[in-house]
Amino acid sequence: MAYENITWSPLVPMSLASIPFAILGPTASGKSSLAVEVARRIGGTVVNGDPFQAFAGLAIGTGQPTEVERDGVPHLGYGAFPLSQRINPADFGAQVREWLGEAPNPVLVTGSGLYLRGIWDQLSVLPEVSAALVARVRGWEEGLGSRALHRFLAAVDPLRAGQLHPNDGGRIQRALALHLATGQRPSGLLDGVARGVPAGWRALLVLPSRPLQRERVARRVAAMVEAGWPEEVGRAVAFGAEADLRRLRPLGYEPWLEGGDPGAIQARIIQGTQAYAKRQVTYFRNQWPEIPVWDPDTEPVETALERLGLSLPS
RNA sequence: GCCUGGGUAGCUCAGUUGGUAGAGCAAUGGACUGAAAAUCCAUGUGUCGACGGUUCGAUUCCGCCUCCAGGCA
């Protein structure tokens, strides 16, 4: 949809035109449809801030909004990258900031807290660590265990080691690799990033109650299977994307690739997605406790709009 | 109908030579600076199938009943 065709809602003051909005929330919370509603009100564009939905070829499995769900509202950044593309939170953040700049009145949607930090420029600027070094450190952990690596880290950077649990292999590896790549202490490199909601932004956390969140996930996964998720995985594999899928590890892809009883696979995916949704919520509340919350199952959409500062005089 | 094996946490199962029980997964809460749809941490009161007997004490031994699985008829 061309931007020049946008019509301004007569009820919305023009001063809102330049304010970017962020709609956050766990999977299946209904944040995409709220974003469409917000964008419609302000004559804006929905901008994708979710790394997995940015890939092409996974439209069903990553829950990218369909044409029907977009409902004529312009969307930017969905299915933009080939599966072979490697992304990280900082680079992806820069890309999304570009999209935000292209969109007249952006409504950012994401379920990924770490990538949102990238988008909001709340990650330290760090040097690239070569894939070879990353692989080497990972190999060490497989041979020696994370606790041994934690002791190595403690020797070069006691501060960072103190922040990490000896079992947290992923972060220990990352810290060690950073140290080996730069010769510096990771704790020093990770210093002084911005926090909070950036000035000028209006954000809302879409947060269903836990029981209803679980129901929403179950319903959505069933709908995704109904819409042809297994077939979509099959097509991706036929295009030679299996290695990329195994590297990216989107939820649900491993079960489909391994095969087995479809009912059991679906149940497993639902369980994994419910657990993921819980972690998403924990991260948002932890990182941005000041963001107002909206319960899509008990509160009307008008309430969400009010909390975004879009309340209309009636 | 008979024989055998089972019935222990939401699930799959350990275990208690008799002193009322614990793993994995799940769940709940939490952490989180390039694996993040990832990784990691914390949290375990459950009529140990029912009833009765023996015993100071039974989830454990005995009897009886019941349910499940397999086998024999």
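Proteins come first, then strands; the chains are lettered A, B, ... in the order of their sequence lines, and each starts at number 1. Here the structure is a predicted model, which means the values were calculated and not measured.
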Among [options], find the nucleotide with the atom closest to the side chain of [X].
{"X": "A/Leu126", "options": "B/G29, B/A27, B/G34", "result": "B/G34"}
{"X": "A/Ser112", "options": "B/U33, B/C32, B/A37", "result": "B/A37"}
{"X": "A/Tyr115", "options": "B/G34, B/A36, B/A38", "result": "B/A36"}
{"X": "A/Gln274", "options": "B/C32, B/A27, B/A36", "result": "B/A27"}
{"X": "A/Asn167", "options": "B/C41, B/A35, B/U33", "result": "B/C41"}
{"X": "A/Arg214", "options": "B/A27, B/A36, B/U33", "result": "B/A27"}
{"X": "A/Asn286", "options": "B/G30, B/G34, B/A31", "result": "B/A31"}

| said: Taking donor-acceptor contacts at under 3.5 Å, does the side chain of A/Arg171 reach the base of B/A38? | reply: yes

| request: Can you check whether any acceptor in the base of B/A35 is under 3.5 Å from a donor in the side chain of A/Gln173, or vice versa? | output: yes

d([atom1], [X]; [atom2], [N]) in whole Å:
{"X": "A/Leu164", "N": "B/C32", "atom1": "CG", "atom2": "P", "value": "10 Å"}
{"X": "A/His165", "N": "B/A38", "atom1": "NE2", "atom2": "P", "value": "20 Å"}
{"X": "A/Arg138", "N": "B/G34", "atom1": "CZ", "atom2": "C1'", "value": "12 Å"}
{"X": "A/Leu123", "N": "B/A35", "atom1": "CG", "atom2": "P", "value": "11 Å"}
{"X": "A/Asp168", "N": "B/A42", "atom1": "CG", "atom2": "P", "value": "12 Å"}
{"X": "A/Tyr283", "N": "B/C40", "atom1": "OH", "atom2": "P", "value": "17 Å"}
{"X": "A/Leu116", "N": "B/U33", "atom1": "CG", "atom2": "C1'", "value": "13 Å"}
{"X": "A/Met224", "N": "B/A37", "atom1": "CE", "atom2": "P", "value": "14 Å"}

When you compare [N] with [M], how far apart are their [atom1] atoms, in angstrom units rounded to a whole number?
{"N": "B/U20", "M": "B/G5", "atom1": "P", "result": "28 Å"}
{"N": "B/U60", "M": "B/U55", "atom1": "C1'", "result": "13 Å"}
{"N": "B/C67", "M": "B/C61", "atom1": "P", "result": "22 Å"}
{"N": "B/G53", "M": "B/U59", "atom1": "P", "result": "13 Å"}
{"N": "B/C62", "M": "B/U17", "atom1": "P", "result": "15 Å"}
{"N": "B/A27", "M": "B/G22", "atom1": "P", "result": "23 Å"}
{"N": "B/G52", "M": "B/A9", "atom1": "P", "result": "22 Å"}
{"N": "B/G70", "M": "B/C56", "atom1": "C1'", "result": "42 Å"}

| task | Find the distance between CD (A/Gln266) and CG (A/Asp261) and round it off to the nearest 0.5 Å. | result | 10.0 Å

| message | With rounding to the nearest 0.5 angstrom, report the CZ to CG distance, A/Arg97 to A/Leu108. | response | 11.5 Å

| query | For A/Trp288 and A/Trp201, what are the C-alpha separation, side-chain angles and deciding distance, and is it a ring-ring contact (aromatic ring centres under 6.0 Å, His included)? | reply | CA-CA 12 Å; A/Trp288 301 283; A/Trp201 281 80; over 10 Å; no

| task | Return the 5'-most residue of the pair A/Tyr276, A/Ser124 with respect to RNA chain B, ranking by each residue's nearest nucleotide. | result | A/Ser124

| Which residue lies more 5' along RNA chain B, comparing A/Leu190 with A/Gln280 via nearest heavy atoms | A/Leu190

Please classify the nucleic acid contact of [X] as base, sugar-phosphate, or nothing, using heavy-atom distances under 4.0 Å.
{"X": "A/Arg268", "answer": "nothing"}
{"X": "A/Thr62", "answer": "base"}
{"X": "A/Arg246", "answer": "nothing"}
{"X": "A/Arg247", "answer": "nothing"}
{"X": "A/Gly61", "answer": "base"}

For the side chain of [X] and the backbone of [Y], is there at least one donor-acceptor N/O pair under 3.5 Å apart?
{"X": "A/Arg185", "Y": "A/Val156", "result": "yes"}
{"X": "A/Arg70", "Y": "A/Pro65", "result": "yes"}
{"X": "A/Asp157", "Y": "A/Ser187", "result": "yes"}

Phosphate contact ([N] OP1 or OP2) by [X] side-chain N/O below 4.0 Å:
{"X": "A/Arg174", "N": "B/G34", "answer": "yes"}
{"X": "A/Thr282", "N": "B/G30", "answer": "yes"}
{"X": "A/Arg210", "N": "B/G29", "answer": "yes"}
{"X": "A/Arg279", "N": "B/C40", "answer": "no"}

Could you identify the nucleotide paired to [N], looking across every strand shown and requiring Watson-Crick or G-U wobble geometry with both distances under 3.5 Å?
{"N": "B/C48", "answer": "none"}
{"N": "B/U43", "answer": "B/A27"}
{"N": "B/U4", "answer": "B/A69"}

| task | Decide yes or no on side chain to side chain donor-acceptor pair (under 3.5 Å) for A/Glu232 and A/Tyr253, but give the supporting numbers first. | result | CA-CA 10 Å; A/Glu232 182 178 80; A/Tyr253 280 86; 3.3 Å; yes

| query | Would you say the side-chain atoms of A/Arg160 and A/Gln163 include a donor-acceptor pair closer than 3.5 Å? | reply | yes

